[in-house]
Amino acid sequence: MSAELPRDINIREPRWDQGTFMGRAQHFFTVTDPRNVLLSSETLEDARVTVENYRRGIVKPGLTEDQLWRAKYIYDSAFHPDTGEKMLLIGRMSAQVPMNMTITGCMLTFYRTTPAVVFWQWVNQSFNAIVNYTNRSGDAPLTVNQLGAAYVSATTGAVVTALGLKSLTKHLPAIMGRFVPFAAVAAANCINIPFMRQRELKYGIPVTDENGNRLGESTTAAQQAIFQVVVSRIGMAVPAMAIPPVIMNALEKKAILKRFPVLNAPVQVGLVGICLVFATPLCCALFPQKSSMAVSSLEAELQQRVAEISPKTVTVYFNKGL
């Protein structure tokens, strides 16, 4: 290996300590950087080659540690951690801010009519379905039928929830109507994520020892992983969908928005974007992506298997997904 680099840099793990919230936040600010969606296919491929070659002990001349970590984070932003496949562009976490600020801003702007509620909830849940599938845990694919059933169930549940909540706010103050999209999104996340990851709940996700050796698949680990992702996603939506409505409610009483109502949507989208730039990485950081669980909490059969093949292992690890 070249003299510029230490031989023991573990680029399979994040650069910062994932045992602390601040370490995870630094990691996810890099992973969710919206600028990563602008990277060319050549840049992504170069990062992939750099990372995979380093793991094999091959380093191109002149490569520095900072360049290696940059390549690692470019690689992580575009390639699935379990399958290694290049992820759909709009499903990547780096696309969360630009995609969500547009969709959420429009949801908060056009919430007064039933057709608008149905359309934007459908768009939002369609996008969420892509994100949930792209960032699933494990390496087992969903069949087309499973994916279709999950998508229909999740989007239908979201639309029905939004319409039900909208009908309940008819006789409440106008400001309450602005929070219908947030309540619908929070409820829909509880439907969408488990449905899009139903295969994990049925068959389990891979669990490993501390050295990355695969020990089996666990449905208990899948339940914990999906719960943590649901909490994180709802957390992301709180500032983006709770703060702008309050600000917009005040701004709409001002002369400028009354005179130029066309500014409503751009201002709302901008406010959501500012919130999401911080909320997305900070809420991803609520739980480590490489989550853990005591062997004693696993299914009885898997506990027995772990005891047989790795008797000293007391904690297993798994990718919870995003």
Side-chain angles (χ1 to χ4, degrees), residues 6-25 27-28 31 51-52 54-57 72 75-76 79-85 87 93 132-143 146-147 150 189-190 193-233 235 283-322:
R7 293 177 178 270
D8 57 351
I9 300 175
N10 183 9
I11 58 171
R12 294 185 183 277
E13 301 294 336
R15 189 172 192 175
W16 297 278
D17 179 11
Q18 297 301 283
T20 68
F21 177 77
M22 288 306 298
R24 295 194 296 272
H27 167 68
F28 281 111
V31 170
V51 169
E52 292 182 354
Y54 182 84
R55 290 172 179 171
R56 292 195 292 263
K72 180 254 192 312
Y75 176 83
D76 284 353
F79 295 89
H80 193 278
D82 291 328
T83 66
E85 66 184 11
M87 296 184 284
M93 292 309 293
N132 294 336
Y133 175 74
T134 303
N135 294 280
R136 67 198 182 281
S137 176
D139 49 16
L142 278 172
T143 66
Q146 289 173 327
L147 192 59
N189 272 320
C190 298
I193 295 171
F195 266 111
M196 292 307 296
R197 296 176 60 175
Q198 60 181 288
R199 195 181 194 287
E200 299 171 36
L201 293 171
K202 185 175 182 179
Y203 298 107
I205 57 177
V207 295
T208 68
D209 61 19
E210 60 182 359
N211 298 316
N213 299 310
R214 191 160 175 165
L215 302 173
E217 289 73 40
S218 170
T219 56
T220 304
Q223 292 167 11
Q224 176 175 305
I226 291 171
F227 171 77
Q228 290 177 345
V229 171
V230 168
V231 171
S232 294
R233 293 288 185 82
C283 289
C284 281
L286 290 175
F287 307 99
Q289 184 168 356
K290 185 180 179 180
S291 198
S292 61
M293 175 177 284
V295 171
S296 59
S297 298
L298 298 171
E299 305 91 306
E301 317 87 76
L302 187 54
Q303 287 185 42
Q304 184 177 353
R305 174 179 168 80
V306 172
E308 291 173 357
I309 64 177
S310 184
K312 293 183 179 180
T313 298
V314 295
T315 303
V316 294
Y317 301 88
F318 53 92
N319 169 32
K320 72 174 178 63
L322 292 172

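If you're wondering where the values come from, they're calculated on a predicted model, not measured in any experiment.
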K.L.:
Taking all non-hydrogen atoms of both residues into account, name the closest pair between Ala285 and Ala25 and its distance.
P.N.:
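Of all heavy-atom pairs spanning Ala285 and Ala25, the closest is CB-N, 3.6 Å.
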K.L.:
Identify the heavy atoms of Gln224 and Ser291 that sit nearest to each other, and give their distance.
P.N.:
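The answer is NE2-OG, 3.2 Å.
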K.L.:
To the nearest 0.5 angstrom, please state how far the OG1 atom of Thr219 sits from the CG atom of Leu201.
P.N.:
8.0 Å
K.L.:
Would you name the heavy atoms of Ser297 and Thr220 that are closest together and state the gap between them?
P.N.:
O-CG2, 3.4 Å
K.L.:
Counting only heavy atoms from other residues, nucleotides and ligands, does the tally under 6.0 Å from CZ of Phe227 exceed 12?
P.N.:
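No, CZ of Phe227 has 12 or fewer neighbouring heavy atoms, counting only those of other groups under 6.0 Å.
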K.L.:
So, taking the atom named CD1 in Ile205 and the one named NZ in Lys320, what distance separates them when rounded to the nearest 0.5 Å?
P.N.:
10.5 Å
K.L.:
Would you check if the side chain of Asp17 reaches a backbone N or O of Gly19 as a donor-acceptor pair within less than 3.5 Å?
P.N.:
yes
K.L.:
Heavy atoms only: give me the nearest His27-Pro14 pair and the separation to one decimal.
P.N.:
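Shortest heavy-atom contact: ND1-CB, 3.4 Å.
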K.L.:
Quick one, Ile9 and Tyr54 - any side-chain contact, counting heavy atoms below 4.5 Å?
P.N.:
yes
K.L.:
Of all the heavy-atom pairs spanning Phe318 and Ala225, show the shortest one and how long it is.
P.N.:
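Between these two residues, the closest heavy atoms are CE1-CB, 3.9 Å.
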K.L.:
I'd like to check Val316 versus Ser218 (side-chain heavy atoms, cut-off strictly below 4.5 Å). Are they in contact?
P.N.:
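They are not in contact (no side-chain heavy atoms under 4.5 Å apart), so the answer is no.
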K.L.:
For residues Phe287 and Val231, determine if any side-chain heavy atom of one lies less than 4.5 Å from a side-chain heavy atom of the other.
P.N.:
yes
K.L.:
Spell out, as yes or no, whether a donor-acceptor pair under 3.5 Å connects the side chain of Ser232 to the backbone of Gln228.
P.N.:
yes
K.L.:
Got a donor-acceptor contact below 3.5 angstrom from the Arg24 side chain to the Cys284 backbone?
P.N.:
no
K.L.:
Distance from Asn10 atom CG to Lys72 atom NZ, nearest 0.5 Å?
P.N.:
8.5 Å
K.L.:
Within the structure provided, determine whether Tyr203 and Glu217 are in side-chain contact (heavy-atom separation under 4.5 Å).
P.N.:
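Of all side-chain heavy-atom pairs linking Glu217 with Tyr203, none is under 4.5 Å.
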K.L.:
Measuring from atom CD of Gln289 to atom CZ of Phe28, what distance do you get when rounded to the nearest 0.5 angstrom?
P.N.:
4.5 Å
K.L.:
How many angstroms lie between atom CZ of Arg214 and atom CD1 of Ile309, to the nearest 0.5 angstrom?
P.N.:
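Reported to 0.5 Å precision, the distance equals 11.0 Å.
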K.L.:
Taking CZ in Arg55 as the centre, count heavy atoms belonging to other residues, nucleotides or ligands within less than 6.0 Å. Is the count above 12?
P.N.:
yes
K.L.:
Do you know which two heavy atoms are closest between Glu308 and Pro311, and how far apart they sit?
P.N.:
O-CD, 4.2 Å
K.L.:
Could you tell me the separation between the NZ atom of Lys290 and the CD atom of Glu13, rounded to the nearest 0.5 Å?
P.N.:
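It is 4.0 Å, given to the nearest 0.5 Å.
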K.L.:
Compare all side-chain heavy atoms of Leu302 with those of Val207 and state whether any distance is below 4.5 angstrom.
P.N.:
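A side-chain contact exists here, since the closest heavy-atom pair is under 4.5 Å.
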K.L.:
Within the 3.5 Å criterion, strictly below it, is a donor on Glu210 or Thr315 matched to an acceptor on the partner's side chain?
P.N.:
no
